[in-house]
Each structure stands twice: as structure tokens, then as C-alpha cells.
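Proteins get letters first, then strands, A, B, ... in listed order; numbering begins at 1 in each. In what follows, every heavy atom counts, from backbone to side chain, and hydrogens, waters and symmetry copies are set aside.
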Number of protein chains: 2
Amino acid sequence: MGSQMSEQKTNSLCCDELPSRTWEDGCKIEQLLRDHGMTPTNQRMEIGRVIFSKPMHFTAEELHRITGNHGFQVSIATVYNTLGRFLKHGLVREVIVEPGKVYYDSTTTPHHHYYDVETGMLHDIDSADLRVSGLYNLPPGKEIESVEVVVRLRSKQ
Amino acid sequence: MGSQMSEQKTNSLCCDELPSRTWEDGCKIEQLLRDHGMTPTNQRMEIGRVIFSKPMHFTAEELHRITGNHGFQVSIATVYNTLGRFLKHGLVREVIVEPGKVYYDSTTTPHHHYYDVETGMLHDIDSADLRVSGLYNLPPGKEIESVEVVVRLRSKQ
DNA sequence: TTAATTGCAAACATTTTGCAGGTTC
DNA sequence: GAACCTGCAAAATGTTTGCAATTAA
């Protein structure tokens with residue numbers, strides 16, 4: 001399969017056909033991008049190396065602040081642009097817990113979140129540790145895209 | 001107890017001391033506001049009559065659009081201002097499901113939500129119909145403020 | 001060489017704020 | 001009359017977009 005395919009062309013691999021993403025060392029980011037039909041530019045590789053090195057939660061602004069330390073500047077526009085593409089390809093997840101800002105999560109397997117309302121910190125809750133059960137009395141013709149649980153935490157007293 | 005107390009003074013009733021809010025007819029909105037230490041102005045009464053007449057989900061912009069039909073104009077600044085106060089007093093809930101906009105919910109008892117990602121519509125899920133269970137391995141010193149489940153829906157196929 | 005990408009700056013959408021004038025008690 | 005509230009307009013915040021210059025293949 002060609003490596004020059006654009007994202008518009010339908011011969012780029014669909015997410016479902018790809019092996020699920022693992023925590024990559026730097027060298028594999030390039031292949032990860034190519035597998036998803038994205039040109040592996042310096043900026044995308046820089047972002048990928050930062051966010052795919054370990055599970056993390058971050059805003060676009062925070063990511064912008066922590067990238068650029070390995071020789072490649074990344075503008076805030078490119079951070080947004082790249083996160084948008086990564087999101088579309090299932091490489092990151094959005095977590096929406098606070099008005100007016102979007103958190104991203106580099107773990108994409110199903111899980112839930114603790115949100116500390118005082119510090120703004122997010123922590124993962126494994127799906128195995130938190131069960132959601134109930135009668136999903138869905139409107140006709142609809143199906144579930146995702147079930148997201150946010151447990152808001154505050155300090156005792 | 002005086003009726004002129006300001007919101008800052010501590011002799012206004014705390015939420016916990018108040019009977020839980022019921023679906024009010026117009027006449028009771030004034031008392032509801034007074035009970036929470038808020039001056040019952042025309043604008044607040046107009047907003048209260050609209051959102052406490054039945055359970056509803058709305059954005060500030062939508063609320064601004066549907067108020068003002070009973071003789072009292074409400075500016076968008078006052079809508080935001082009033083929703084902020086109502087939120088602080090537990091008269092409405094925030095529902096955060098979409099980047100860049102806040103939904104408000106005039107039902108404040110614990111419940112969860114279906115969110116139709118295509119139409120942007122929210123629907124309540126009764127707490128009795130959806131059980132969340134698991135080991136809450138909370139960080140020390142923290143307690144749960146709320147558990148919020150959002151079930152995202154899309155059209156089949 | 002051609003198509004894709006970057007990054008600046010401007011545009012945008014939503015929400016917050018300062019303050020002069022108006023309302024409530 | 002004093003305290004509080006409204007609403008305009010401006011500011012703040014977070015995100016998106018248009019486009020010229022740059023980079024990848």
C-alpha cells in the first residue's frame with residue numbers, strides 16, 4: 001500500500017483494521033502516523049512522542065507548553081489541528097468535564113474518570129472497576145456510541 | 001427573618017434547610033427566590049417561570065431566546081448572571097457534554113443523561129434505571145461530589 | 001513538482017466583567 | 001436612601017479558519 005495516500009482517499013487504513021495503539025517509543029510514532037494516512041511531519045512526531053509515551057490527560061494549551069523541547073517548535077494552531085486529526089483517527093479521546101475547555105486523553109480504550117474539581121486533575125478509572133448497569137430504554141433507531149462516567153471529587157469537609 | 005437580606009449575609013437559608021424544589025406554578029417563584037435570599041426581580045421571575053414550569057435542558061442562549069414573552073425583557077448578561085446564581089443555590093444543574101457550550105438542567109435531583117450527538121438533545125435517565133457500582137478507590141482526603149453518566153447516542157448505521 | 005502542512009493573524013463563539021442607570025425594599 | 005440588580009459594551013477565553021510560506025515525497 002502506498003505511503004503517499006492522502007487522508008481523503010479511501011485506501012488509507014480504517015481504524016478498525018489497525019492493531020490497537022500501544023504505548024510507543026519514539027521510533028514507532030512515524031509508522032503509527034503512516035498507518036493512519038497522516039504525513040509524519042516533525043510537529044506531529046513531536047506531539048506523538050510526548051502524548052504517546054505514557055497515559056496522560058492534557059488541554060491543547062498544556063500540550064503546546066510541553067512540546068517544542070526536542071528541537072521542533074509547534075504552534076498552537078498546529079496543536080489544535082493535530083489533536084483534531086488524532087481525534088478523528090481514534091488516537092486520542094476528548095474528555096469534557098469543565099465548561100469552556102476540552103481535555104484530551106491519550107488512552108483510548110474504554111474507561112472512566114475521576115475529576116478533582118479543586119485541582120482540575122483527571123484520573124482514569126478502569127472499566128473493570130466501575131460497572132454501569134441498567135435498562136437502556138433507547139429511543140428507536142438509536143444506538144450507544146459511548147458510556148462515560150465522571151466521578152467528581154472534592155476535599156472532605 | 002428579614003426579607004431584605006443580601007446573598008452575602010449568612011442568615012439566608014442554606015440549601016439543605018430548604019424543602020426540595022418542586023415544579024412551581026408562577027405564584028411560587030417569588031417565594032422560591034426569597035427563600036434563597038435572592039431579590040425577586042421581574043427578570044428572575046420571568047426566567048424562573050420558564051425553567052421551573054417543567055423539566056428542561058437548555059443553553060443560556062436558548063433561554064435568552066424563549067424568555068421575554070411575558071412582558072419582561074431579559075438581557076443575555078442577566079441570563080448568565082441569573083443562571084450563575086441559580087446554580088450556586090442548587091436551583092439548576094450544569095450538564096457538560098459538548099465542547100464550548102454549557103447546558104443547564106432544571107431538574108436537580110440525581111439522574112443521568114442520554115446525549116444525542118447528532119441532534120444535541122439531552123434526555124434524562126432516572127437514577128433508578130441506571131446503576132453505577134464499583135470500588136471507588138478514592139485518593140485520601142477526597143470524597144465524591146457527584147457521579148455523572150452520559151450515554152452518547154447516534155443513529156443506527 | 002505537486003500536494004500537504006505549518007503558523008501567523010484574524011475571526012469566531014461563548015462567557016465574564018465594569019459600570020452607569022434603574023429597581024427594590 | 002441604601003443596597004441590589006440590569007444591561008450595554010468591552011474584555012476575556014478557548015477554538016477555528018484563511019492564506020502565504022514551507023516542507024514532504
Chemist: Does a side-chain N-to-carboxylate-O contact under 4.0 Å join A:R49 and A:E46?
Modeler: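 Yes, charged N to carboxylate O under 4.0 Å.
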Chemist: In B/S/- notation, 5' to 3', how is nucleotides 6-12 of chain D contacted by protein heavy atoms closer than 4.0 Å?
Modeler: BBB----
Chemist: Measure the distance from CD on B:E46 to C1' on C:dT23 and round it to the nearest whole Å.
Modeler: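 These atoms are roughly 17 Å apart.
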Chemist: Return whichever of B:P40 or B:Y103 has its heavy-atom-nearest nucleotide of DNA chain C closer to the 5' end.
Modeler: B:Y103
Chemist: Charged N to carboxylate O below 4.0 Å: is that the case for A:E118 and B:K142?
Modeler: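 B:K142 and A:E118: salt-bridged.
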Chemist: Has A:Y80 got a side-chain N or O lying under 4.0 Å from the OP1 or OP2 atom of D:dT15?
Modeler: yes
Chemist: Distance from B:H111 atom NE2 to B:D124 atom CG, nearest 0.5 Å?
Modeler: 3.5 Å
Chemist: Tell me: NE2 of A:H64 to C1' of C:dC8, nearest whole Å?
Modeler: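 To the nearest whole Å, that distance equals 12 Å.
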Chemist: Is the shortest side-chain N to carboxylate O distance from B:E30 to B:R34 below 4.0 Å?
Modeler: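 Answer for the salt bridge query: yes.
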Chemist: Between D:dG14 atom P and A:I96 atom CD1, what is the distance in whole Å?
Modeler: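 So the two atoms are 15 Å apart, to the nearest Å.
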Chemist: Nearest whole angstrom, please: distance from the C1' of C:dT5 to the CE of A:M45.
Modeler: 14 Å
Chemist: Rounding to 10°, can you tell me the angle the first-five-pair axis of the helix from C:dT1-D:dA25 to C:dC25-D:dG1 makes with its last-five-pair axis?
Modeler: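 The value is 30°.
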Chemist: Return the value, rounded to whole Å, for the distance between atom CG of B:L33 and atom C1' of D:dC4.
Modeler: 14 Å
Chemist: Return the minimal non-hydrogen interatomic distance between A:M56 and A:I51, and the atom names on each side.
Modeler: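 A:M56 and A:I51 have their closest heavy atoms at SD-CA, 3.8 Å.
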Chemist: Between atom CE in B:M38 and atom C1' in D:dC4, what is the gap in whole Å?
Modeler: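 One finds 13 Å between C1' of D:dC4 and CE of B:M38, rounded.
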Chemist: Give, for atom CG of B:N42 and atom OG1 of B:T78, the distance between the pair rounded to the nearest 0.5 Å.
Modeler: 11.5 Å
Chemist: Less than 6.0 angstrom separating the ring centers of B:H57 and B:H123, yes or no?
Modeler: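 Between B:H123 and B:H57, which both carry aromatic rings, the centre distance is not below 6.0 Å.
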Chemist: Expressed in angstrom and rounded to an integer, what is the separation of B:R34 atom CZ from C:dT24 atom P?
Modeler: 11 Å
Chemist: Round to a whole Å and report the spacing from CZ of A:F86 to P of C:dT5.
Modeler: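 Distance check: A:F86 CZ to C:dT5 P gives 12 Å.
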Chemist: Treating Ile, Leu, Val, Met, Phe, Trp and Tyr as nodes and any side-chain heavy-atom pair under 4.5 angstrom as an edge, say whether A:I29 and A:L87 lie in one connected cluster.
Modeler: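 A:I29 and A:L87: one cluster.
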Chemist: Salt bridge or not between B:E145 and A:R154? Use side-chain N to carboxylate O under 4.0 Å.
Modeler: yes
